[in-house]
Amino acid sequence: NAGVMQNPRHLVRRRGQEARLRCSPMKGHSHVYWYRQLPEEGLKFMVYLQKENIIDESGMPKERFSAEFPKEGPSILRIQQVVRGDSAAYFCASSPPGPANEKLFFGSGTQLSVL
Amino acid sequence: SQQGEEDPQALSIQEGENATMNCSYKTSINNLQWYRQNSGRGLVHLILIRSNEREKHSGRLRVTLDTSKKSSSLLITASRAADTASYFCATPYFGNEKLTFGTGTRLTIIP
C-alpha cells in the first residue's frame, strides 16, 4: 500500500511563474490537507479538502493560491505568480474516512525554491 | 494562530538516556497527537492521546496529558541515535478537523 505521494520532490521557479504541486493520497483516503513549512519552523495549515470540496481554506492566502481535489486524480496546490517568500517546503497529508483529525499520513513534501 | 508550543526548542542527550519534551496548548481539545519528522522528510504519526486519558504507552514512548494545565509530555526511554529528529505536538483547532502543529523540539542523540 503506497503512502502519500507528492511530486515533484523539488521545484525551482522564477519570480512570476506558476508552481503546481501534486499530491496523491493513500488509497481509500478521502481527506487531504496541505501544510507549509519554513526552515526551522513548524507546519502551518493551509487548506483541507475532501473529494471535489474545499472544507477549510482559512490558512491559505487569498490571492495567488488555490487548491483542488478532483473526483479523479491527485490534489493540486497551485501558486500563481510566485514570489521569493513562497519558497518553503509544502507537505500534503491524508486521512481515511471517519474522524479527520485523529491521524494524518504525510508525504515527503515538495521543496519549492523561487529564484 | 499557533495552538501548540513545544519546550525545549532543542535537546541534546547521550544515547541510552531518556528524553522528555513538553507541549502546551491554548484551547479545549478532544485529542492530542505527537509526530516525528526526520530531516527533509514528512511527519510520521507516533501516538494519540484522548482528552479523557491521562497516560498512554507505545513501545519506548510514554505520553501524558494534563487537561487542567493544557499540557502534554512525550518521554522517549533508552534513546537511540535513530531517535534524532524533530518532534511536534498537534491538536485539533477548536474541535474541528484542522490539526495545528507546534513549533517542535529538535532532539539530537549523541552516540
Side-chain angles (χ1 to χ4, degrees), chain A residues 2-7 9-10 21 23-26 29-50 53-60 67 88-113, chain B residues 1-11 21 23-53 56 58 63 85-108:
Chain A
V4 178
M5 304 299 292
Q6 287 189 250
N7 68 80
R9 188 83 172 86
H10 300 276
L21 288 63
C23 168
S24 295
M26 287 182 70
H29 284 194
S30 55
H31 306 280
V32 166
Y33 301 77
W34 286 93
Y35 288 84
R36 176 164 63 179
Q37 185 178 36
L38 294 170
E40 309 300 321
E41 292 189 11
L43 275 72
K44 295 286 196 295
F45 169 82
M46 298 183 74
V47 62
Y48 161 46
L49 310 103
Q50 294 179 15
N53 287 305
I54 296 174
I55 307 301
D56 184 340
E57 56 181 349
S58 58
M60 204 143 73
Y90 291 83
F91 289 94
C92 167
S94 71
S95 63
N101 61 14
E102 296 207 344
K103 183 175 182 178
L104 299 189
F105 295 80
F106 280 83
S108 295
T110 292
Q111 181 64 52
L112 173 65
S113 298
Chain B
S1 63
Q2 210 71 20
Q3 161 76 315
E5 211 164 294
E6 289 87 346
D7 167 61
Q9 287 189 324
L11 178 63
M21 288 156 269
C23 167
S24 58
Y25 58 91
K26 296 173 185 172
T27 66
S28 296
I29 57 171
N30 55 24
N31 71 72
L32 183 143
Q33 303 166 44
W34 285 90
Y35 288 77
R36 183 188 72 226
Q37 184 180 33
N38 290 93
S39 181
R41 308 294 296 179
L43 277 70
V44 174
H45 183 271
L46 295 176
I47 194 167
L48 176 151
I49 187 166
R50 299 190 187 279
S51 59
N52 61 354
E53 298 175 306
K56 200 163 182 180
S58 177
V63 170
S86 291
Y87 291 82
F88 297 88
C89 66
T91 55
Y93 189 68
F94 289 115
N96 69 20
E97 287 89 353
K98 179 172 67 180
L99 266 190
T100 60
F101 288 81
T103 49
T105 292
R106 290 190 306 280
L107 175 64
T108 302

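Throughout, protein chains are lettered first and strands after them, A, B, ... in sequence-line order, and every chain is numbered starting at 1. In this text, all values refer to a predicted model and were calculated from it rather than measured experimentally. Side chains are part of it too, since the values below use all heavy atoms of this structure and drop only hydrogens, waters and symmetry mates.
- Contact of B/Leu43 with chain A is made through backbone and side chain together, with heavy-atom distances under 4.5 Å.
- Partners of B/Arg41 under the salt bridge (Lys or Arg N to Asp or Glu O under 4.0 Å) rule, at least two apart in sequence or in another chain, do not exist in this structure.
- Annotation: side-chain hydrogen bond (donor to acceptor under 3.5 Å, both in side chains) contacts of B/Tyr35 (sequence neighbours excluded): B/Gln33.
- Open room surrounds CD on B/Gln9; 12 or fewer heavy atoms of other groups in view lie less than 6.0 Å from it.
- Rounding to the nearest 0.5 Å gives a distance of 12.0 Å between OG of B/Ser86 and CD of A/Glu41.
- Ranked by heavy-atom pairs under 4.5 Å with chain B, the list A/Gln6, A/Arg9, A/Gln111 is led by A/Arg9.
- Proximity to chain A (any heavy atom under 4.5 Å) is restricted, for B/Gln37, to the side chain, taken from C-beta onward.
- Contact of the B/Asn31 side chain with the A/Glu102 side chain is registered, since non-hydrogen atoms from C-beta on lie closer than 4.5 Å.
- A 4.5 Å side-chain heavy-atom check between B/Phe101 and A/Tyr35 finds at least one atom pair inside the cut-off.
- For the pair A/Tyr48 and B/Lys98, the minimum side-chain heavy-atom distance is 4.5 Å or more.
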